[in-house]
Q: 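Here you go, one structure.
Since the model is a prediction, treat every value here as computed from it, not as a measurement.
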Amino acid sequence: MNGGGKMRMMYRRWVSSLVVAGLPWVGMTGEALDQIRRSTDKILAVVQDPAMQGPAQAVVRDRRVRSLIDERFDWGAMARSAMGAHWKTLSESQRQEFSGLFSELIKNNYLAEVEGYSGEKIRYQSETVAGKYGVVNVVILTLRGTDVPVSYRVLQKESGWFVYDITIEGVSMVNNYRSQIGAILQRSNYDGLVAKLRGRIAENKPGPPPAQAATENEPKATERKP
Amino acid sequence: MRNVLRMTLCAGLAVGLHAWGSAGETNDVVELPGIGEPAGAAHAAIVVSDPLEPVNRAFYHFNDKLYFWVLQPVSQGYAYVMPSAARRGVRNFFNNLAMPIRLGNCLLQGDGTGAWVECQRFAINTTEGVIGFDDAAKRCWDLPGRRADFGQTLGRYGIGPSIYIHWPMIGPLSARDSVGYVGDYFLNPLTYLVTDLPPSVGIQAYDTVNDLSLRPDEYERFKQAAIDPYLAMRDAYYQYRRSLVAGGAGGATNDPVTSTR
């Protein structure tokens, strides 16, 4: 009985420390965390903007979100890290080609992810910084009642902190791509990888289904003509 | 039919035990050049041993078709008629029922706090939470659940994940976690509450459909983001399990540096 009481005391302390750590506004003045939060808020504001709803606005909305993602992600570092040891073997033009395709794939996916946003809460928890590198920890409270831990790995440049990896529930995105790319390059070659990437991007173009997209592109085309 | 299930499980056990012999040597954590980070922050990549890849890929495609042809339409229809609050309740109910798996594994991992939390959660959720439909322990008592399973316990004992197996119906498991899966099967009260195969399979299927209905599009998005979905899932599985083993029942750790398994 006594032991139980003691455990409960310990537990309460543990719980309250968790609660305190979970409050985003308590002592959280980290620069990297702030910048991640600001970018995320801006992106979610665009997605939730009543004036930006509906398929007619999809093109504008996509463009805005893309440019907001570009402001916070370091695609070069991400591509280099995903390539791992193979990066050294690539020519400059291959590196650029790969970085472009790779960032396109991630952006499309990120876009689909935020388009599906339905009011999940984000708890900004902590940041740790060592020199130019840092980690920002957040928890996403999903609508099904589970908490998903997400970490942004960030890198400091002149204009701020840039994301070069996202880890969700212990799964690093860049590591995941690196292992895929490694396995693909083992069996095939750079051209095979690029062909595969192009195929994946074409297959999963975000946005409305083809029939809708066609009607939607028409006004855009006429817009451009004059 | 029941024998088929048993045989599958036994086969899994046999493969798992066999694979233990080679555990450790094939799953070394290697450091790959990252982007010039300080040494301590370097990402540890996992090299997965996948000698069964052709078979695994076939099962992956089977599961993929099963998802798109059966599970997804059924779960969408189910979500349409069933409000999400009720679906969350069903999920909580199954979760609460499976408490012995977590309690047992917390104990096996020497995690007294975790075991105590699981006991408290079960007591609260079974009463205040109306036989488990409401996760009152988390909502009102700030007692979030633990994630503990037998594969994780074996991992904490120092056993490496060993070879990758993409099981039909079940999905990705390492050889170690396949053994864990069998262990958890025997710790699950459902195994003893429902002993006839058809209703037992029915309940399992219902649990799966209910769970899928709460995370629609998750699999589709995962697939879309992948260059090769089979490889992506294999790596994600190993990374996820590695962090669960490193973090213990307290939960996954997001820090690849401290995750060594």
Q: Contact part of B/Arg87 toward chain A, heavy-atom cut-off under 4.5 Å: side chain, backbone, both or neither?
A: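 It is neither, since no heavy atom gets under 4.5 Å.
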Q: Check the pair B/Gln224, A/Asn108 against side chain to side chain contact (heavy atoms under 4.5 Å, CB included), reporting the backbone distance first and the verdict last.
A: CA-CA 9 Å; B/Gln224 275 171 20; A/Asn108 287 350; over 6 Å; no
Q: Which atoms of A/Thr142 are under 4.5 Å from chain B, going by heavy atoms: the side chain, the backbone, both sets, or neither?
A: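 For A/Thr142, neither part sits under 4.5 Å from chain B.
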Q: For a side chain to side chain contact (heavy atoms under 4.5 Å, CB included) check, start with the C-alpha distance between A/Asn176 and B/Gln239, then their side-chain angles and the critical distance, and finish with the verdict.
A: CA-CA 8 Å; A/Asn176 190 262; B/Gln239 281 199 54; 3.9 Å; yes
Q: Measuring heavy-atom distances to chain B, does A/Ile106 have an atom under 4.5 Å in its side chain, in its backbone, in both, or in neither?
A: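 Interface part for A/Ile106: neither.
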Q: How long is the span from the CG atom in B/Leu231 to the CZ atom in A/Arg187, to the nearest 0.5 Å?
A: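 Output value for this atom pair is 5.5 Å.
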Q: Measure distances from A/Glu203 to the heavy atoms of chain B and classify the residue's part below 4.5 Å as side chain, backbone, both or neither.
A: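 A/Glu203 has no heavy atom closer than 4.5 Å to chain B.
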Q: Any chance you could measure A/Ile181, atom CD1, to B/Ile227, atom CD1, to the nearest 0.5 Å?
A: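 The distance works out to 4.0 Å.
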Q: To the closest 0.5 Å, what do you measure between OG1 (A/Thr167) and OH (B/Tyr240)?
A: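 The OG1 atom of A/Thr167 sits 14.5 Å away from the OH atom of B/Tyr240.
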Q: On a heavy-atom basis, which atom in A/Leu105 and which in B/Ala225 lie closest, and how many Å separate them?
A: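 For A/Leu105 and B/Ala225, the tightest heavy-atom pair comes out as CD2-O, 3.5 Å.
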Q: Are B/Lys138 and A/Asp147 within salt-bridge range, i.e. N to O under 4.0 Å?
A: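 Between A/Asp147 and B/Lys138 there is a salt bridge, with a charged N closer than 4.0 Å to a carboxylate O.
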Q: Locate the shortest heavy-atom distance separating B/Ser243 from A/Gly170; write the atom from each residue and the value.
A: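 The pair with the smallest heavy-atom distance is OG-CA, 3.6 Å.
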Q: Supply the atom-to-atom distance A/Glu113 CD to B/Asp217 CG, rounded to the nearest 0.5 angstrom.
A: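 The CG atom of B/Asp217 is 9.5 Å from CD of A/Glu113, to the nearest 0.5 Å.
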Q: Between B/Lys223, B/Arg88, B/Arg221, which residue shows the highest count of heavy-atom pairs closer than 4.5 Å to chain A?
A: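 With the most close heavy-atom pairs to chain A, the winner is B/Arg221.
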Q: Please identify, among A/Gly131, A/Gly199, A/Ser179, A/Ala183, the residue contributing the most non-hydrogen atom pairs under 4.5 Å to chain B.
A: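 If we count pairs closer than 4.5 Å to chain B, A/Ser179 comes out on top.
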Q: Please look at B/Ala226 and chain A and tell me whether the side chain, the backbone, both or neither of the residue comes under 4.5 angstrom of a heavy atom of that chain.
A: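 For B/Ala226, heavy atoms of backbone and side chain both lie under 4.5 Å from chain A.
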Q: Heavy-atom pairs under 4.5 Å with chain B: which of A/Lys132, A/Gln180, A/Lys196 has the most?
A: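 Of the options given, most contacts go to A/Gln180.
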Q: Kindly compute the distance separating CG (B/Leu244) from CD (A/Glu169), expressed to the nearest 0.5 Å.
A: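 Answer for the CG-CD pair, B/Leu244 versus A/Glu169, is 7.5 Å.
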